[in-house]
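To keep things clear, I will list the structure first and then write my remarks on it.
Quick note: residue numbers are just sequence positions, from 1.
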Amino acid sequence: MDAWLVDLDRIAPSDISERYPEGLTEDELRRGAEFVHARAAHRFYRARLTVRRLLAGRLGLHPGDLRIGYDPAGKPYLPDHPGTHVSWSRSDGLLLLGATETGPIGVDVELVRPATTSMDVLAFVYPGMPPTATSETFFHAWTLLEAAVKATGRGLAEGARDVDLAFGPDGGVALRGIRGHGAPPWYGHTAVHPTRQDAPGAMTAFVSREPRPVTVEPWHGGGTAPWPARLLTAR
């Protein structure tokens, strides 16, 4: 598995073209135009261009030659590379992208911020949450849920009930399986990474068929200037 955690607000114009129509689809341009705030639109455009650039580089392609499709549930796939499975997630100015050849993958990233209603939302979406769960549980459980339903392509509304989570006494959460989506095992991993965003950190979650957790290593793009991303790899 390869994955990238990208700070979209630190991408220099030389890394990602600010001429957004070049490299974006008509649907992406339409969706970007729907944002009320310019900053949100810029982040959306940069995320889509970054996804295309990083995946194309991994496959040895020019970004303009990479086709990205979406199934009826909105799950992304690569029509010309059916053996490569991809998933991405965005939280404010952060982008998490994952790619693997071992089977379906789902990823999620969330900025870790206090929210008084978090546990109520989690309990509504996932009724199996035990009453002893604490607020420290929220981001582990939420990101694992999001990543799991992205891996299956079901979405939270339909797929959360298929996800089997184990809540530990120390606030940790583990993925025990996903019912009705192939033989086990499914593996889930969460981790907190430092971030320049206005938050204590970023929680990432990966759900796939790969048992090894993703580790973080510094990564640089072309030339000598550091790419504003980290390459996370399980290889």
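Interatomic distance, CZ of F206 versus CE of M1, reported as 6.5 Å (0.5 Å rounding). To the nearest 0.5 Å, the span separating CZ on R53 from CZ on R46 amounts to 13.0 Å. Annotation: the span from D71 atom CG to Y77 atom OH amounts to 7.5 Å, rounded to 0.5 Å. Considering CG of L175 and CG of D164, their distance stands at 7.5 Å, rounded to 0.5 Å. To the nearest 0.5 Å, atom CG of residue L94 and atom CG of residue L111 are 5.0 Å apart. Of the inter-residue distances, the one linking H37 atom NE2 with H42 atom NE2 reads 13.0 Å to the nearest 0.5 angstrom.
Side-chain atoms of R154 and R161, non-hydrogen and from C-beta on, do get closer than 4.5 Å to each other. L61 places a side-chain heavy atom less than 4.5 Å from the side chain of H81. For the pair W142 and L156, the minimum side-chain heavy-atom distance is below 4.5 Å. Side-chain contact between V51 and I68 is present, with heavy atoms from C-beta onward closer than 4.5 Å. The side-chain heavy atoms of D9 and R39, taken from C-beta on, include a pair separated by under 4.5 Å. The shortest side-chain heavy-atom distance between V107 and T204 does not fall under the 4.5 Å cut-off. Looking at heavy atoms from C-beta onward, R58 lies in side-chain contact with W4 at the 4.5 angstrom threshold. No side-chain heavy atom of T50 sits less than 4.5 Å from a side-chain heavy atom of L97.
K150 places no side-chain N or O within donor-acceptor distance of the main-chain N or O of I105, the cut-off being under 3.5 Å. Of the possible donor and acceptor atoms, none in the side chain of T102 sits under 3.5 Å from a partner among the backbone N and O of R209.
In this view, Y187 and P185, H189, P211 satisfy the side-chain contact (heavy atoms from CB on, under 4.5 Å) rule, not counting sequence neighbours. Residues satisfying the side-chain contact (heavy atoms from CB on, under 4.5 Å) test with A133, not counting sequence neighbours, are M119, M129, P130, T137, F167.
Residue L96 comes nearest to A205 through the heavy atom pair CD2-O, 4.2 Å, listed as atom of the first residue, atom of the second, then distance. L165 and Y126 get closest at one heavy-atom pair: N-OH, 3.0 Å. Considering all non-hydrogen atoms of both residues, E28 and Y45 come closest at O-CE2, 3.7 Å. Closest approach of G69 to P79, counting heavy atoms only: N-CD, 3.7 Å. Listed here is the closest heavy atom pair of V109 and S91: O-CB, 3.4 Å. Closest approach of A151 and P104 over heavy atoms only: O-CB, 3.5 Å.
In this structure, F124 places its CZ atom where only 12 or fewer heavy-atom neighbours from other residues, nucleotides or ligands lie under 6.0 Å away.
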Practice prompt. Please test V163 against T152 for side-chain contact (heavy atoms from CB on, under 4.5 Å), starting from the C-alpha separation and ending with a verdict.
Written response: CA-CA 10 Å; V163 181; T152 62; over 6 Å; no
Discussion item. Apply side-chain contact (heavy atoms from CB on, under 4.5 Å) to residues L55 and T84 and explain how you reach the verdict.
Written reply: CA-CA 10 Å; L55 290 179; T84 298; 5.7 Å; no
Practice prompt. Walk me through it: do L78 and L59 pass the test side-chain contact (heavy atoms from CB on, under 4.5 Å)?
Written response: CA-CA 11 Å; L78 306 181; L59 295 167; 3.9 Å; yes
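S89 and E146 form no side-chain donor-acceptor contact under 3.5 Å, judged by distance and modelled atom types alone.
The hydrophobic clustering, which links ILVMFWY residues whose side-chain heavy atoms are closer than 4.5 Å, places V125 and M203 together.
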